[in-house]
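The structure appears right after this line, and notes come after that.
Order of appearance sets the numbers: ligands from 1, and atoms from 1 within every ligand. Keep in mind it's a predicted model, so treat the numbers as computed, not measured. These numbers come from the heavy atoms of this one structure, side chains and all, not from hydrogens, waters or symmetry mates.
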Amino acid sequence: EKLPNIVDKKNKSQKVVYVYSKELIQICDQMQKIPCRASMVHSLIEAYGLTRYMRVVEPREATEREVLAFHDLDYIEFIKKISNHDDSEKFEDEATHYGLSYDCPLQQGLYKYATMSSGATIVAAECLLQETCKVAINWCGGWHHAAKDHASGFCYINDIVLGILKLKEKYDRILYVDLDLHHGDGVEDAFSATSKVMTVSFHKYLTGFFPGTGSLEDIGIGKGQYYTVNVPLLDGIKDTEFTPLVCRILNKVKETFRPEVVVCQCGADGLAGDPMESFNLTHKGLGKCLYFLLQWNLPTLVLGGGGYNLSNTARCWAFLTALATGKQIPTEIPDHEYFIEYGPDYELEVYPGNRKNHNTAHYLRQVYGAVLNNISKIC
Ligand SMILES: CN(c1ccc(C(=O)NO)cc1)S(=O)(=O)c1ccc(-c2ccccn2)s1
Ligand SMILES: [Zn+2]
């Protein structure tokens with residue numbers, strides 16, 4: 001007769017945890033620079049039926065103690081003070097001191113937003129610590145520019161640093177990979193002097209382009225020397241150059257550093273069609289990079305980041321979510337609340353543009369050679 005179903009449905013360790021709540025999405029929707037992006041990403045993931053294949057875990061607010069594990073008290077106290085004031089103009093000078101100006105606008109409920117998005121990353125890290133999943137996803141996280149004492153590049157609290165500090169409670173060697181268009185300076189600076197956290201950032205590096213850091217020569221300091229890797233790239237890079245470069249460098253990193261856990265920031269502002277108008281990547285290029293990392297079968301924390309073409313960002317992160325769950329999803333965008341945003345083709349695919357590619361084969365060979373030379377110095 002049929003064997004009794006011995007799988008305990010409640011405790012079945014699902015491979016993928018997806019950190020989500022209505023409140024988290026509602027708060028993240030209010031971010032001025034990416035209005036409603038959180039809703040668009042979640043709605044598309046749900047419309048594709050992907051939440052069925054993941055354990056949905058509710059986030060919580062990061063506690064002040066958790067936030068102060070990285071950030072300075074005066075900075076955090078200031079955010080808390082002004083984020084519930086309606087006349088924040090009178091704090092203008094102090095706000096500027098903390099980087100809270102044009103590119104990191106003050107807005108109502110800023111503290112709640114910053115602690116919820118970072119609490120979601122901490123909860124995702126805790127799920128990996130408890131070994132109840134292999135992959136934990138927070139598309140409302142990935143704010144890689146935030147510094148310990150100031151906001152920067154639309155980033156207020158560095159959820160990535162807080163997530164890594166949480167993972168350090170159990171793991172000895174942590175690999176951070178940053179696929180965003182911009183250099184992951186905030187995370188790099190937090191761990192540049194330690195050999196326990198290796199940061200590898202692939203980004204646009206050009207005079208005058210934000211944040212201006214992340215050169216080839218930027219390799220870490222003291223005990224952290226060679227545990228900071230920067231791969232500076234130029235406008236127009238396509239999947240066909242980006243993906244092999246990323247995978248070859250990460251392969252060398254895995255051989256030498258032997259990470260126990262991986263944190264991957266999947267910023268989508270390098271996609272073709274992003275208003276940043278820089279790289280010429282597609283969801284498939286980023287997907288192959290994430291897939292390469294997931295094949296290592298290590299606990300992996302997957303985070304969002306930049307991405308200012310909102311429908312392309314949703315397309316990309318839905319595709320990455322499907323990839324993490326091992327599910328195929330159809331190219332037709334399913335009907336849902338934001339369906340109209342995916343016109344005129346209503347397809348999942350992000351197509352490369354015909355932007356000029358400034359990355360010559362010679363340039364990429366030079367960068368690759370220099371990076372591998374540095375990595376090989378890791379004992
Ligand atoms: C504050 N800056 C940012 C904004 C976002 C990022 C980012 O996405 N980092 O990952 C970095 C710097 S900034 O000064 O370079 C910009 C402000 C507004 C920018 C913008 C916004 C939309 C389209 C094109 N550019 S870039
Ligand atoms: Zn970015």
Q: To the nearest 10 degrees, could you say what angle the Zn ion (ligand 2) makes with OD1 of Asp180 and OD2 of Asp269?
A: 110°
Q) Of Asp74, Ile79, Asp72, Asp149, which is the lone residue that meets side-chain contact (heavy atoms from CB on, under 4.5 Å) with Tyr98? A)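 The residue from Asp74, Ile79, Asp72, Asp149 that satisfies side-chain contact (heavy atoms from CB on, under 4.5 Å) with Tyr98 turns out to be Asp74.
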Q: Could you tell me which N, O or S atom of His182 is nearest to the Zn ion (ligand 2)?
A: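 The nearest such atom is ND1.
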For [X], counting its heavy atoms only, list the atoms of ligand 1 lying under 4.0 Å from any of them.
X: Asp180; value: 9 (N), 10 (O)
X: Asp269; value: 7 (C), 8 (O), 10 (O)
X: His144; value: 9 (N), 10 (O)

For [atom], what is the closest protein heavy atom, and at what distance to 0.1 Å?
atom: atom 3 (C) of ligand 1; answer: Gly153 CA, 3.9 Å
atom: atom 8 (O) of ligand 1; answer: Tyr308 OH, 2.4 Å
atom: atom 18 (C) of ligand 1; answer: Tyr102 OH, 3.6 Å
atom: atom 14 (O) of ligand 1; answer: Asp103 CB, 4.2 Å
atom: atom 22 (C) of ligand 1; answer: Pro275 CB, 4.3 Å
atom: atom 9 (N) of ligand 1; answer: His145 NE2, 2.7 Å

Starting at [atom1] of [X], measure out to [atom2] of [Y] and round the result to the nearest 0.5 Å.
X: Ile25; Y: Arg37; atom1: CD1; atom2: CZ; answer: 10.5 Å
X: Thr63; Y: Leu68; atom1: OG1; atom2: CG; answer: 8.0 Å
X: Ile137; Y: Cys266; atom1: CD1; atom2: SG; answer: 9.0 Å
X: Leu100; Y: Phe78; atom1: CG; atom2: CZ; answer: 6.0 Å

Q: Determine, counting only non-hydrogen atoms of the protein, whether one lies under 4.0 angstrom from atom 16 (C) of ligand 1.
A: no
Q) Relative to atom 11 (C) of ligand 1, which among Trp143, Phe209, Phe154, Phe210 owns the nearest non-hydrogen atom? A) Phe210
Q. Among Met276, Lys33, Glu277, which residue places a heavy atom closest to atom 21 (C) of ligand 1?
A. Met276
Q) Counting distance only, does the side-chain N/O of His144 pair as donor-acceptor with the main-chain N or O of Gly142 below 3.5 Å? A)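 It does not hold such a pair.
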Q. Counting N and O atoms only, with roles assigned by atom type, does the side chain of His183 sit under 3.5 Å from a partner on the main chain of Ser201, one being a donor and the other an acceptor?
A.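 Not confirmed, His183 side chain does not pair with Ser201 backbone.
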Q.
So, 2.8 Å as the limit: is an N/O/S atom of His144 located closer than that to the Zn ion (ligand 2)?
A.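 No, His144 does not qualify, because none of its backbone or side-chain N, O or S atoms lies under 2.8 Å.
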(Q) What I'd like to find out is whether the side chain of Ile237 reaches to under 4.5 Å of the side chain of Leu281, using heavy atoms alone. (A)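 Yes. Closest side-chain heavy atoms under 4.5 Å.
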Q. Are any non-hydrogen side-chain atoms of Phe292 and Lys288 less than 4.5 angstrom apart?
A.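 No, side chains not in contact.
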(Q) Between ligand 1 and Gln265, is the shortest N or O to N or O distance under 3.5 Å? (A)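 No; the residue has no nitrogen or oxygen that sits under 3.5 Å from a nitrogen or oxygen of the ligand.
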Q | Passing option when Lys170 is tested against Glu260, Glu131, Glu126 for salt bridge (Lys or Arg N to Asp or Glu O under 4.0 Å) | A | Glu131
